[in-house]
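Computed from heavy atoms alone, side chains included, the values below leave out hydrogens, waters and symmetry copies. So you know, we letter chains A, B, ... as the sequences are listed, proteins then strands, and number each from 1.
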Amino acid sequence: MTKEVRVRFAPSPTGALHIGGLRTALYNYLFAKKMGGKFILRIEDTDQTRFVPGAEEYIQESLDWLGISPDESPWKPGSVAPYRQSERKASYMQYALELVEKGHAYYAFDTAEELEAMRERLTAARVLQPQYNSITRSQMKNSLTLSGAELKERLASGDPYVIRAKLPLKEEVRLHDLIRGWVMVHSSTLDDKVLMKSDGMPTYHLANIVDDHLMGITHVIRGEEWLPSAPLHVLLYRFFGWEDTMPQFAHLPLLLKPDGNGKLSKRDGDKLGFPVFPLNWVDPFSGEKSSGFRENGYLQEALLNFLAFLGWNPGDEREIFSLEELVEAFSIERIGKSGTKFDIAKAKWLNEHYLRSSSQVQLISYLQKDADAAGVAIAQEKAAAIVALLRERVTFPADFWRDSQFLHQAPSDFDPEVATKKWNGDAATLLQAYAQTLESGLPAPFDAASAKALLESTAEANGIKLGKVMQAARLAVTGLGAGLDLMEVFAILGPQEVAKRIRFALDTLAIVD
RNA sequence: GGUCCGUUCGUCUAGGGGUUAGGACGUAUCCCUUUCACGGAUAAAACACGGGUUCGAUUCCCGUACGGACUACCA
């Protein structure tokens with residue numbers, strides 16, 4: 001039997017969870033469930049200067065909303081707790097020290113100014129990549145260049161220092177990526193990355209390797225932006241002697257801007273008018289607001305389906321997948337290699353699909369909720385009729401209310417273009433007669449069929465062709481030139497309201513024949 | 001600049017040495033219809049370029065171009 005699959009999603013609580021991060025979380029979840037393994041959430045808050053209050057809760061709420069809650073997390077600790085790196089702080093130093101002892105890391109005392117001076121010197125000497133590496137470290141202030149006595153003294157006096165990885169000068173580092181195959185990088189292009197910062201916190205690189213090891217992570221599924229540092233991570237596993245349990249890597253293609261160039265960013269959403277975050281978010285420091293898919297009316301099933309297909313496909317022609325179906329169909333092998341442009345039109349289409357397959361009761365509740373908020377009471381029967389008429393033509397839940405405005409309130413003005421083109425003497429004559437009939441009281445129930453029959457007979461009695469005046473009738477009653485089946489609208493409004501609206505139109509609209 | 005990754009219709013993609021290069025979104029047209037949608041049908045639309053390898057390359061290899069990521073005591 002093989003080892004249980006354990007994957008982790010490891011965001012930093014530095015703000016709202018980006019939609020790309022959410023997709024990474026989804027793929028981790030899908031893989032874990034597919035393999036019968038565990039999906040773990042670890043908060044990577046080693047940069048105290050970037051911590052943003054509320055960001056953790058935002059992450060949690062986003063995952064919960066999508067239905068991909070982690071099996072283990074800070075809020076649901078498993079056997080490898082804690083799940084917040086700030087709470088694991090105490091354990092990292094011993095690992096860094098272990099590397100120092102093994103000769104794979106060293107203390108460095110260089111100040112920010114000295115580092116800057118080094119880079120300037122190197123740049124002046126036309127060194128292409130000024131970096132702290134196997135060559136330049138010999139000229140810097142570190143435990144490799146300082147005398148044993150001075151090192152002891154600096155350490156004892158509490159001089160601030162970092163611990164850097166000591167990378168080999170010449171070594172081909174190979175790593176196998178589940179999505180990209182073998183990736184080869186020469187160690188001479190890597191620099192001596194900082195492992196422990198002077199504030200006593202580890203950097204991503206150290207914390208990540210140590211925690212993945214300690215938490216029994218079997219597969220690291222993360223964004224492509226980590227690919228360049230993956231060779232360093234492989235080296236660290238080797239330094240620790242953990243190579244035989246090193247997780248497998250899968251670097252996901254990035255989500256790109258819809259118009260082509262670059263990684264999708266927060267600004268794109270603002271600019272193009274669609275969200276790039278799952279939920280609304282207000283930055284606690286700047287007060288800046290970002291809108292979310294959820295509040296924009298996207299259904300969680302739709303966002304899930306949309307996200308899953310950004311870089312993955314099942315290999316056949318199915319497009320509509322529930323979370324369970326995604327789990328069933330998912331495989332890392334079918335994740336694409338190239339960056340994916342974010343196309344909101346597809347998300348809208350999916351949303352329409354899921355909205356239409358929602359229950360009548362659910363859709364009515366959307367309408368009623370918005371009506372309540374606007375202080376309008378809609379009889380349940382009327383709401384049901386509205387939803388039935390609208391369900392094939394909405395994209396978002398809020399459309400039920402928005403697109404049924406004219407059913408709740410008589411038009412105060414009329415589409416001028418339609419009025420000019422369609423309003424004529426015949427229409428006025430017919431509607432005048434129709435309104436009169438409606439006002440005189442009707443024997444039969446007033447439904448779409450009887451409303452139509454009555455309109456037809458009225459037209460016939462006046463020698464008017466119905467087709468010529470339907471648009472005018474629509475204009476008179478709704479103020480608009482297009483929309484729902486007019487007779488159904490009449491039925492919902494009822495005879496008295498229809499007559500009243502016709503009277504108003506007759507009084508308001510000028511006849512231009 | 002350097003390192004690494006990538007490149008099939010506008011977009012998401014299937015495919016893979018011999019195919020009419022398939023699907024979906026979007027777009028257009030037609031049908032349905034009192035309008036608009038829905039639905040149905042149809043159409044336009046792609047293998048970045050140049051060399052190899054091969055009987056044959058969109059598919060394999062190498063270059064070029066283009067795009068992207070990374071290049072912090074951020075993750």
Side-chain angles (χ1 to χ4, degrees), chain A residues 10-14 21 44-47 49-50 85 108 110-112 115 123 126-132 160-164 177 179-181 183-186 188-191 193-205 207-208 222-231 251 253-254 256-263 306 309-320 334 336-350 352 356 389-394 403 418 422 452 455 466-475 478 480-487:
Chain A
S12 290
T14 54
E44 308 226 329
D45 55 350
T46 54
D47 187 353
T49 65
R50 293 210 307 161
Q85 289 185 326
D110 315 275
T111 63
L115 254 17
T123 305
R126 302 192 181 220
V127 173
L128 270 8
Q129 307 160 73
Q131 55 184 20
Y132 209 118
Y161 65 87
V162 300
I163 295 180
R164 286 179 180 273
D177 185 276
I179 294 172
R180 280 148 225 285
V183 176
M184 245 88 73
V185 178
H186 199 87
S188 63
T189 65
L190 270 18
D191 62 347
K193 279 271 179 296
V194 169
L195 264 20
M196 286 298 291
K197 298 183 268 189
S198 55
D199 66 358
M201 276 294 213
T203 59
Y204 171 87
H205 306 291
N208 191 262
R222 81 232 290 195
E224 195 188 3
E225 68 268 28
W226 293 110
L227 194 51
S229 56
H251 289 95
L254 262 18
L256 272 19
K257 295 176 193 295
D259 52 358
N261 305 165
K263 197 154 76 150
F306 176 63
F309 274 70
L310 253 26
W312 172 87
N313 74 84
D316 54 39
E317 283 168 2
R318 291 176 297 161
E319 305 241 43
I320 303 297
R334 294 211 62 86
K337 295 187 205 320
S338 47
T340 302
K341 282 178 191 158
F342 193 85
D343 180 20
I344 201 67
K346 195 96 175 197
K348 283 186 179 165
W349 175 73
L350 282 165
E352 286 166 7
R356 279 170 207 166
L389 283 179
L390 244 32
R391 73 181 301 149
E392 296 300 323
R393 45 208 309 146
V394 292
D403 293 347
V418 181
K422 303 287 185 182
K452 187 172 186 184
L455 189 62
L466 206 50
K468 296 208 157 194
V469 296
M470 282 302 279
Q471 287 307 87
R474 173 183 301 283
L475 180 74
T478 70
L480 307 169
L484 304 173
D485 183 298
L486 228 210
M487 294 307 118

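Separating the P atom of B/U71 from that of B/C12 is a span of 25 Å, rounded to the nearest Å. B/C47 sits 15 Å from B/U20 when the C1' atoms are compared, rounded to a whole Å. Spacing between B/G15 and B/C9 at atom P, rounded to whole Å, works out to 16 Å. When the C1' atom is used for both B/G52 and B/C74, the distance is 45 Å, rounded to whole Å. Using atom C1' as the reference point in both B/A21 and B/U13, the two lie 13 Å apart (nearest Å). For the C1' atom pair drawn from B/A57 and B/U19, the interatomic distance equals 13 Å after rounding to whole Å. For the C1' atom pair drawn from B/U58 and B/C49, the interatomic distance equals 13 Å after rounding to whole Å. B/G26 and B/C66: their P atoms are spaced 34 Å apart (whole Å).
Taking atom CH2 of residue A/W349 and atom P of nucleotide B/U11, one finds them 19 Å apart after rounding to whole Å. Between A/F306 atom CZ and B/C25 atom P there is a gap of 14 Å when expressed in whole angstrom units. With rounding to whole Å, A/L190 atom CG is found 17 Å from B/G2 atom P. Rounded to a whole Å, the CG atom of A/D316 is 12 Å from the C1' atom of B/U13. Going from atom CH2 of A/W312 over to atom P of B/U11 covers 22 Å, rounded to whole Å. Atoms CD (A/E319) and C1' (B/U11) sit 12 Å apart, rounded to a whole Å. Summarising the geometry, the separation between NZ on A/K257 and C1' on B/A69 is reported as 13 Å, rounded to the nearest angstrom. A/R318 has its CZ atom 16 Å from the C1' atom of B/G22, to the nearest Å.
The salt bridge (charged side-chain N to carboxylate O under 4.0 Å, His left out) search around A/R474 returns none, not counting sequence neighbours. With sequence neighbours left out, the ring pair (Phe, Tyr, Trp, His ring centres under 6.0 Å) criterion links A/Y204 to A/W226, A/H233.
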Under 3.5 Å, N/O pairs linking protein and nucleotides 38-43 of chain B:
unit_1 : atom_1 : unit_2 : atom_2 : d
B/C38  : O2'    : A/E392 : OE1    : 2.9

What pairs of nitrogen or oxygen atoms, one from the protein and one from nucleotides 5-9 of chain B, lie under 3.5 Å apart?
unit_1 : atom_1 : unit_2 : atom_2 : d
B/C5   : O2'    : A/R180 : NH1    : 2.6
B/C5   : O2'    : A/E224 : OE2    : 2.9

Report all interatomic pairs (protein N or O, nucleotide N or O of nucleotides 73-75 of chain B) with separations under 3.5 Å.
unit_1 : atom_1 : unit_2 : atom_2 : d
B/C73  : O2     : A/S198 : N      : 2.7
B/C73  : O2     : A/S198 : OG     : 2.8
B/C73  : N3     : A/S198 : OG     : 3.0
B/C73  : N4     : A/D110 : O      : 3.4
B/C74  : OP2    : A/K197 : NZ     : 3.1
B/C74  : O2'    : A/D47  : OD2    : 3.1
B/C74  : O2'    : A/R50  : NE     : 3.3
B/C74  : O2'    : A/R50  : NH2    : 3.1
B/C74  : O2     : A/R50  : NH2    : 3.4
B/A75  : OP1    : A/T46  : OG1    : 2.8
B/A75  : OP1    : A/K197 : NZ     : 2.7
B/A75  : OP2    : A/Y204 : N      : 3.1
B/A75  : O3'    : A/S12  : OG     : 3.1
B/A75  : O3'    : A/E44  : OE1    : 3.0
B/A75  : O2'    : A/S12  : OG     : 2.6

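Two residues, A/G336 and A/K193, neighbour RNA chain B, and the one matched to the more 5' nucleotide by heavy-atom proximity is A/G336.
Within 4.0 Å (heavy atoms only), A/G311 reaches sugar-phosphate atoms of the nucleic acid but no base atom. Among the atoms of the strands shown, none is found under 4.0 Å from any heavy atom of A/R126.
Listed for the A/K337 side chain is a donor-acceptor partner under 3.5 Å among the backbone atoms of A/I179. The backbone N or O of A/R356 sits less than 3.5 Å from a side-chain atom of A/R391, completing a donor-acceptor pair. A donor-acceptor pair under 3.5 Å is formed between the side chain of A/Q471 and the backbone N or O of A/G481. Not a single donor-acceptor pair under 3.5 Å links the side chain of A/D110 to the backbone N or O of A/L115. With hydrogens and angles disregarded, no donor-acceptor distance shorter than 3.5 Å links the side chain of A/K193 to the backbone of A/T203.
Nucleotide B/U71 is matched to B/G1 when pairs are restricted to Watson-Crick or G-U wobble geometry with both distances under 3.5 angstrom. Look at B/A65: its Watson-Crick or wobble partner, with both distances under 3.5 angstrom, is B/U7. Within the shown strands, nothing qualifies as a pairing partner of B/U53 under the Watson-Crick or G-U definition with both distances less than 3.5 Å. Pair assignment for B/A43 gives B/U27, based on Watson-Crick or G-U wobble hydrogen-bonding distances that are each under 3.5 Å. For B/U34, there is no paired nucleotide, since no Watson-Crick or G-U wobble pair has both relevant distances below 3.5 Å.
A/T46 and A/A207 get closest at one heavy-atom pair: CG2-CB, 4.3 Å. Nearest approach of A/S198 to A/V162, heavy atoms of both residues: N-CG1, 3.7 Å. Across A/H251 and A/A230, no two heavy atoms sit closer than the pair CE1-CB, 3.7 Å. Closest heavy-atom contact between A/K422 and A/A472: O-CB, 3.5 Å. Across A/V185 and A/P231, no two heavy atoms sit closer than the pair CG2-CG, 3.6 Å.
More than 12 heavy atoms of other shown residues, nucleotides or ligands fall within 6.0 angstrom of atom NZ in A/K197.
Annotation: the span from A/D485 atom CG to A/L389 atom CG amounts to 7.0 Å, rounded to 0.5 Å. For the atom pair A/M196 CE and A/R164 CZ, the distance stands at 14.0 Å (nearest 0.5 Å). From A/D316, atom CG reaches atom CZ of A/R318 across 4.0 Å, with rounding to the nearest 0.5 Å.
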* Asked: Given the rule in the side chain to side chain contact (heavy atoms under 4.5 Å, CB included) test, do A/E224 and A/R180 qualify, once you have shown the distances and angles that lead to the verdict?
  -> CA-CA 10 Å; A/E224 195 188 3; A/R180 280 148 225 285; 3.5 Å; yes
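Between A/N313 and B/A14, a side-chain N or O to OP1/OP2 separation shorter than 4.0 Å is present. Look at A/K422 and you won't find any side-chain N or O under 4.0 angstrom from OP1 or OP2 of B/U35. Of the side-chain N and O atoms in A/K346, none sit less than 4.0 angstrom from OP1 or OP2 of B/C12.
Of the candidates B/A24, B/A14, B/C25, B/C25 carries the atom nearest the A/D343 side chain, counting heavy atoms from C-beta on. In this structure, the nucleotide among B/A24, B/U3, B/G23 sitting nearest to the side chain of A/V185 is B/U3.
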* What string of B, S and - do you get for nucleotides 28-34 of chain B, 5' to 3', if B is base contact, S is sugar-phosphate-only contact and - is no contact with any protein heavy atom under 4.0 Å? -> ------B
